[in-house]
Student: 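Would you mind keeping the following structure in view while I ask a few things?
Numbering of residues begins at 1 and proceeds along the displayed sequence. This is a predicted model, so every value here is computed, not measured.
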Amino acid sequence: MTILPEGEPIFSEQATHIEIVDESGGEFLKIKQYNTDPEYAGSVCIDCDNWEAIKATIETMLKDIKTHEQP
């Protein structure tokens, strides 16, 4: 899932990409942003206006992980 400010393209530096990943050790969330500024490399920068949408997406996806892990 991708969260981004209205009017921004999918490849915007302000876009936050959230995905469920499983590398054989169990599922986890990967949160990624493509920032070209070296000062922010490896960081996730959250704009206050996007926090609620990011938070809701993370909570939904964490529930999906828990559902997949149930026997």
Side-chain angles (χ1 to χ4, degrees):
M1 299 187 108
T2 301
I3 310 300
L4 61 152
E6 190 172 332
E8 287 292 323
I10 195 88
F11 51 85
S12 168
E13 288 185 354
Q14 295 178 30
T16 302
H17 307 277
I18 305 168
E19 64 180 299
I20 296 174
V21 178
D22 186 350
E23 296 178 348
S24 300
E27 294 178 314
F28 59 93
L29 291 183
K30 179 169 126 179
I31 303 169
K32 190 169 187 175
Q33 293 175 326
Y34 298 98
N35 196 317
T36 58
D37 187 334
E39 181 178 345
Y40 297 104
S43 299
V44 174
C45 303
I46 300 173
D47 184 292
C48 293
D49 293 336
N50 293 328
W51 171 243
E52 288 302 322
I54 292 169
K55 178 182 161 192
T57 301
I58 288 171
E59 288 173 349
T60 298
M61 294 178 81
L62 286 174
K63 287 178 189 172
D64 287 345
I65 288 173
K66 289 179 184 176
T67 302
H68 295 153
E69 292 179 347
Q70 291 180 0

Student: Write out all pairs satisfying salt bridge (Lys or Arg N to Asp or Glu O under 4.0 Å) with one or both partners inside residues 39-59, taking only residues at least two apart or from two chains.
Tutor: none
Student: I need the M1 CE to I20 CD1 distance, nearest 0.5 Å.
Tutor: 9.5 Å
Student: With a cutoff of under 4.5 Å between side-chain heavy atoms, which Ile, Leu, Val, Met, Phe, Trp and Tyr residues group with F28?
Tutor: V21
Student: Suppose we screen for side chain to side chain contact (heavy atoms under 4.5 Å, CB included). Which residues come up paired with P9, at least two apart in sequence or across chains?
Tutor: F11, S12
Student: Once you round to the nearest 0.5 Å, how far does CD of Q14 lie from CG of N35?
Tutor: 10.0 Å
Student: Could you list the residues that satisfy side chain to side chain contact (heavy atoms under 4.5 Å, CB included) with L62, not counting sequence neighbours?
Tutor: L29, I58, I65
Student: Sequence neighbours left out, what passes side chain to side chain donor-acceptor pair (under 3.5 Å) with T2? Give chain and number order.
Tutor: H17
Student: Taking only residues two or more places apart in sequence or in another chain, which ones pass side chain to side chain donor-acceptor pair (under 3.5 Å) with T16?
Tutor: Q33
Student: Share the residues that join Y34 in a hydrophobic cluster, the rule being Ile, Leu, Val, Met, Phe, Trp or Tyr side chains under 4.5 Å apart at the heavy-atom level.
Tutor: none
Student: May I have all residue pairs that pass salt bridge (Lys or Arg N to Asp or Glu O under 4.0 Å) and include part of residues 13-33, sequence neighbours excluded?
Tutor: E19-K30
Student: Identify which one of V44, T57, T60 satisfies the side chain to side chain contact (heavy atoms under 4.5 Å, CB included) criterion when paired with I18.
Tutor: T57
Student: Do you reckon L4 sits in the same ILVMFWY cluster as Y40, going by side-chain contacts under 4.5 Å, direct or chained?
Tutor: no
